[in-house]
Number of protein chains: 2
Amino acid sequence: MGKDDMNIGAAAAASGVSAKMIRHYEQIGLIPPATRSAVGYRHYDAAGIHTLTFIRRARDLGFPLEEIRQLLALWRDRQRPSADVKAVALRHVAALEAKAEALRAMSRTLQALAEHCHGDSRPDCPILDELAGS
Amino acid sequence: MGKDDMNIGAAAAASGVSAKMIRHYEQIGLIPPATRSAVGYRHYDAAGIHTLTFIRRARDLGFPLEEIRQLLALWRDRQRPSADVKAVALRHVAALEAKAEALRAMSRTLQALAEHCHGDSRPDCPILDELAGS
DNA sequence: GCTTCACCTTCCCATGATAGGAAGGTCAAG
DNA sequence: CTTGACCTTCCTATCATGGGAAGGTGAAGC
């Protein structure tokens, strides 16, 4: 099977996107419908694999699918202003930072409580006290 | 309506857990079925409100419902070893840190790429280059 | 040629926590 | 006795992903 005639399993292996997800991305219109063999098997060429790999990398950076949709459109538009790409990226950076900070805040609070918990066989515990409203 | 005779709306307002979620928590067995009035309205007493508030505080710290289930059991058990509570808490701290670090790693990568993007009307953009595999 | 196994197809269901909404019944204030 | 705010249950959605069933297909070995 050459690089220009891969079925969905090979495309999944080559791109790192599961076959299940490839079908899903097609269904929601993130990627165009794949060409089909006579009996209905999806086939992918090098360009299709490239798109899937792009999507996987964007997912690895935590982009939601709707933003990936925008990035794909920008990618395909050779006249795009790089400012548009940067705007999408920085918006996502802000979202990532906000989420991370929220998690860190929770972690800090909980760590502070845990530090004051004996952690032995005694029942009294400031963690439960806090949750119960002291 | 006294503190010991609240319907679900008042219980939601008092605990900070939405009425929708209170019903859901009952349905999945996180809280026991509420007592009902003659026509089927749920009623909550001070203890019920206290439990709901406990759950909300635990949710605010990012605990998943299954861990909240464990925390509630420990809370109710006056003989619990505080070590058990601490173990649940520290496991969750580790999970929070792992998630936060994953997000921060994404953010760092993306920020580095964005720094090298002109962000003007020119089309060339290292962010897209990276996603496309350089 | 025929079996066999790995693969493909579609369709439905599940996750985790939450919200929205429809249809219908109830309570309390005016 | 009306009206509006509340309650009930049930269904649907989110977001990205996976599991599995039922049935058809491809290619390799014999």
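Chain identifiers are assigned alphabetically (A, B, ...) following the order of the sequence lines, protein sequences preceding nucleic acid strands; residue numbering begins at 1 within each chain. In this text the structure is predicted, and so the values were computed from the model without any measurement.
- Residues A:Met106 and A:Gln111 are not in side-chain contact: their nearest non-hydrogen atoms beyond the backbone lie 4.5 Å or more apart.
- Residue B:Arg78 qualifies as open at atom CZ: its count of foreign heavy atoms under 6.0 Å is 12 or below.
- For the pair B:Tyr25 OH and C:dG16 P, the computed distance is 13 Å after rounding to whole Å.
- Across the protein-nucleic acid pair, B:Asp5 atom CG and C:dA28 atom P stand 10 Å apart, rounded to whole Å.
- Consecutive Watson-Crick or G-U pairing (both distances under 3.5 Å) extending over three or more pairs maps onto DNA chain C as C:1-30 with D:1-30.
- Contact annotation: A:Ser18 side-chain N/O to D:dT17 OP1/OP2 distance is not under 4.0 Å.
- Atom CZ of B:Arg122 and atom CZ of A:Arg80 lie 13.0 Å apart (nearest 0.5 Å).
- Among the heavy atoms of the strands, none lies under 4.0 Å from B:Ser37.
- Using a 4.5 Å heavy-atom threshold, the side chains of A:Glu67 and A:Arg91 count as touching.
- Taking atom CG on A:Leu52 and atom P on D:dA16, their separation rounds to 16 Å, with Å as the unit.
- Taken from NE2 in B:His116 to SG in B:Cys125, the straight-line distance is 12.0 Å, to the nearest 0.5 Å.
- The CZ-C1' distance, from A:Arg69 to D:dA16, rounds to 13 Å in whole Å.
- Straight-line distance from the CD atom of B:Glu26 to the P atom of D:dC10: 12 Å, rounded to whole Å.
- In this structure, CD1 of B:Ile55 is placed 12 Å from P of C:dA17, rounded to the nearest angstrom.
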Pick out the pairs of N or O atoms, protein on one side and nucleotides 9-12 of chain C on the other, that lie under 3.5 Å.
{"from": "C:dT9", "atom 1": "OP1", "to": "A:Arg42", "atom 2": "N", "distance (Å)": "2.9"}
{"from": "C:dT9", "atom 1": "OP1", "to": "A:Arg42", "atom 2": "NH1", "distance (Å)": "3.0"}
{"from": "C:dT9", "atom 1": "OP2", "to": "A:Arg23", "atom 2": "NE", "distance (Å)": "3.0"}
{"from": "C:dT9", "atom 1": "OP2", "to": "A:Arg23", "atom 2": "NH2", "distance (Å)": "2.6"}
{"from": "C:dT10", "atom 1": "OP1", "to": "A:Arg36", "atom 2": "NH1", "distance (Å)": "3.3"}
{"from": "C:dT10", "atom 1": "OP1", "to": "A:Arg36", "atom 2": "NH2", "distance (Å)": "3.0"}
{"from": "C:dT10", "atom 1": "OP2", "to": "A:Arg42", "atom 2": "NH1", "distance (Å)": "3.0"}
{"from": "C:dT10", "atom 1": "OP2", "to": "A:Arg42", "atom 2": "NH2", "distance (Å)": "3.1"}

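- A:Asn7 and A:His43 are not linked by any side-chain donor-acceptor pair at a separation below 3.5 angstrom, with hydrogens and angles left out of the test.
- B:Leu113 contributes atom CG, which lies 7.5 Å from atom CG of B:Leu131 (distance to the nearest 0.5 angstrom).
- A:Thr51 is listed as a side-chain neighbour of A:Trp75, based on a closest heavy-atom distance under 4.5 Å.
- Whole-Å rounding puts the A:Met21 CE to D:dC15 P distance at 14 Å.
- In this structure, the side chains of B:Arg23 and B:Arg42 come closer than 4.5 Å at one or more pairs of heavy atoms.
- Put simply, CG on B:Leu71 and CD1 on A:Ile127 are 8.5 Å apart, with the number rounded to the nearest 0.5 Å.
- At a non-hydrogen distance threshold of 4.0 Å, nothing from residues 91-105 of chain B comes into contact with DNA chain C.
- The two residues B:Thr53 and B:Ala14 come nearest to each other via the heavy atoms OG1-O, 4.3 Å.
- Atom CG of A:Leu61 and atom P of D:dA16 are 15 Å apart (whole Å).
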